[in-house]
Amino acid sequence: MPSPKAKNPARSGGSPVFGSSNSRYDFMSLTKPLNRSSPPHLVQRQASDPTAARLRASESPTRRRGSSSSTGSASGQGIAEEDGIRLNPSFVRVALSSLLAIDLWMSKQLGVCACEDSSWGSMRPLMKLLEISGHGIPWLAGTAYSLYKSDSAAGQEIMLNLLMGLLLDLVLVAIVKAVVRRRRPAHNRMDMFATFSVDTYSFPSGHATRAAMCVRFLLAHLVLAAPLRVLVLLWAGLVGLSRVLLGRHNVTDVMFGFWMGYCQYNLVEMLWISPQTLQGLMGQLASN
Ligand SMILES: CC(C)=CCC/C(C)=C/CC/C(C)=C/COP(=O)(O)O
């Protein structure tokens, strides 16, 4: 695997921009002009420089119309108007780049348990405990065991749907991770247990999606006393926070993960397997 350090010039003073050719988040110095729009001093130079004028003549017809209609200040104004139109997308790019830069900066500052000698390194075992509490394996194993042990139809229905939700979560997170392919923060130590290959990527946090989906599920289907409900919510929040403190994720990975998990629960409700549906499915399987 290529070293993230080697590929990430953000650490050498640049800032991130969206939409690079290989569809990953890449990093580029904000002090360099962006490809698609020229800074004002270059626009001025292009208006008077014959070489630049020759080059412009080979550009799009729109550009040629703007520059050939007049000379001097009128030509400059035409170019400025065109570039004014082109500045809008780059403004969006710069805004997104800045947000991403803030995200990277905040995540680096918050990664205080990333290794034993980090400033909060002594809290690392506690953070890893939270990591295990939100890992897919204990949740899948616990749910499957509860389904097996449940002797009421209602209990079985709930556990079966939770199991389906957990599997759905694994699949959806793997798809998004494989599409976005955002690298984990450079300060992360990849010492997580039981990971898939897509788990080298960080967007979104699978722990955050699972925590958000399971919390909504538990609050909706289990009759819990108010203090327990608060505790369940607190657990999900701490799982999310621990991902950033451990340096596993950037803040936006966790925030998006919470949102995605919240939405995933709606999907579980839509696809809910009732005893009737199950009987129908079993009947169909038996008749085939
Ligand atoms: C039965 C089966 C397919 C179990 C797989 C459970 C498993 C290995 C889940 C992966 C959990 C994991 C390490 C997710 C990564 O979480 P992030 O928060 O770091 O994205």
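The structure presented is a predicted model; accordingly, all values stated were derived computationally and were not measured. First listed ligand is number 1; within each ligand, the first listed atom is number 1.
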Worksheet item: Considering distance alone, does some N or O of Arg184 sit under 3.5 Å from an N or O of ligand 1?
Response: yes

Worksheet item: Which pairs, with at least one residue in residues 197-207 and sequence neighbours excluded, count as a salt bridge (Lys or Arg N to Asp or Glu O under 4.0 Å)?
Response: Lys177-Asp199

Response to the item:
Note: ligand 1 atoms sitting under 4.0 Å from heavy atoms of Ser205 are 18 (O), 20 (O)

Worksheet entry | No-hydrogen, no-angle side-chain donor-acceptor test under 3.5 Å, Thr200 and Arg181 | no

Practice prompt. Indicate yes or no: does Arg124 engage Glu131 in a salt bridge with an N to O separation below 4.0 Å.
Written response: no

Worksheet item: Got a salt bridge between Lys108 and Asp103, using NZ or NE/NH1/NH2 to carboxylate O under 4.0 Å?
Response: no

Discussion item. Would Gly136 count as being in polar contact with ligand 1, using the rule that some N or O on each side must be under 3.5 angstrom apart?
Written reply: no

Worksheet item: Can you say whether the rings of His135 and His207 are parallel (under 30°), tilted (30 to 60°) or perpendicular (over 60°)?
Response: perpendicular

Worksheet, complete the sentence: Of all protein heavy atoms, the one nearest atom 16 (O) of ligand 1 is His207 ND1, 3.0 Å

Practice prompt. Heavy-atom distances under 4.0 Å are what count here, so tell me which part of Leu167 touches ligand 1: side chain, backbone, both or neither.
Written response: neither

Worksheet item: Tell me, which protein residue and heavy-atom name are nearest atom 6 (C) of ligand 1, and how many Å apart are they?
Response: Ile137 CG1, 3.6 Å

Response to the item:
for atom 15 (C) of ligand 1, nearest protein heavy atom and its distance come out as Asp199 OD1, 3.4 Å

Discussion item. Suppose we measure from atom 13 (C) of ligand 1 to each protein heavy atom; which comes out shortest, and what is that distance?
Written reply: His135 NE2, 3.5 Å

Worksheet item: Taking atom OH of Tyr148 as the centre, does the number of heavy atoms from other residues, nucleotides or ligands within less than 6.0 Å exceed 12?
Response: no

Worksheet item: Which atoms of ligand 1 sit under 4.0 Å from any heavy atom of Arg243?
Response: 17 (P), 18 (O), 19 (O)

Worksheet entry | Whether over 12 other heavy atoms sit under 6.0 Å from Met123 CE | no

Worksheet item: At what distance is the nearest protein heavy atom to atom 9 (C) of ligand 1, and which residue and atom is it?
Response: Leu170 CD2, 3.7 Å

Practice prompt. Could you tell me whether Arg210 approaches ligand 1 through its side chain, its backbone, both or neither, with non-hydrogen atoms closer than 4.0 Å?
Written response: side chain

Worksheet item: Side chains of Lys128 and Asp191: does their closest heavy-atom pair fall under 4.5 Å?
Response: yes

Worksheet item: What atoms of ligand 1 come within less than 4.0 Å of a heavy atom belonging to Thr195?
Response: 13 (C)

Worksheet item: Using a distance-only test with no angle check, is there a side-chain donor-acceptor pair under 3.5 angstrom linking Ser205 and Asp253?
Response: no

Fill in: Sub-4.0 Å atoms of ligand 1 with respect to non-hydrogen atoms of Met192
19 (O)

Worksheet entry | Protein residue, atom and distance nearest to atom 3 (C) of ligand 1, heavy-atom basis | Phe196 CZ, 3.7 Å

Worksheet item: At a 4.0 Å threshold, what atoms of ligand 1 neighbour a non-hydrogen atom of Ala194?
Response: 8 (C), 10 (C), 13 (C)

Worksheet item: Taking the six-membered ring of Tyr262, is NZ or CZ of Arg216 closer than 6.0 Å to its centre and within 45° of its axis?
Response: yes

Worksheet item: Can you list the atoms of ligand 1 that are under 4.0 Å from a heavy atom of Leu140?
Response: 1 (C), 2 (C), 4 (C)

Discussion item. Between Ser274 and Thr277, do the side chains contain a donor N or O and an acceptor N or O under 3.5 Å apart?
Written reply: yes

Discussion item. Suppose we measure from atom 17 (P) of ligand 1 to each protein heavy atom; which comes out shortest, and what is that distance?
Written reply: His249 NE2, 3.2 Å

Response to the item:
re atom 20 (O) of ligand 1, the protein heavy-atom contact at minimum distance is Lys177 NZ, 2.5 Å

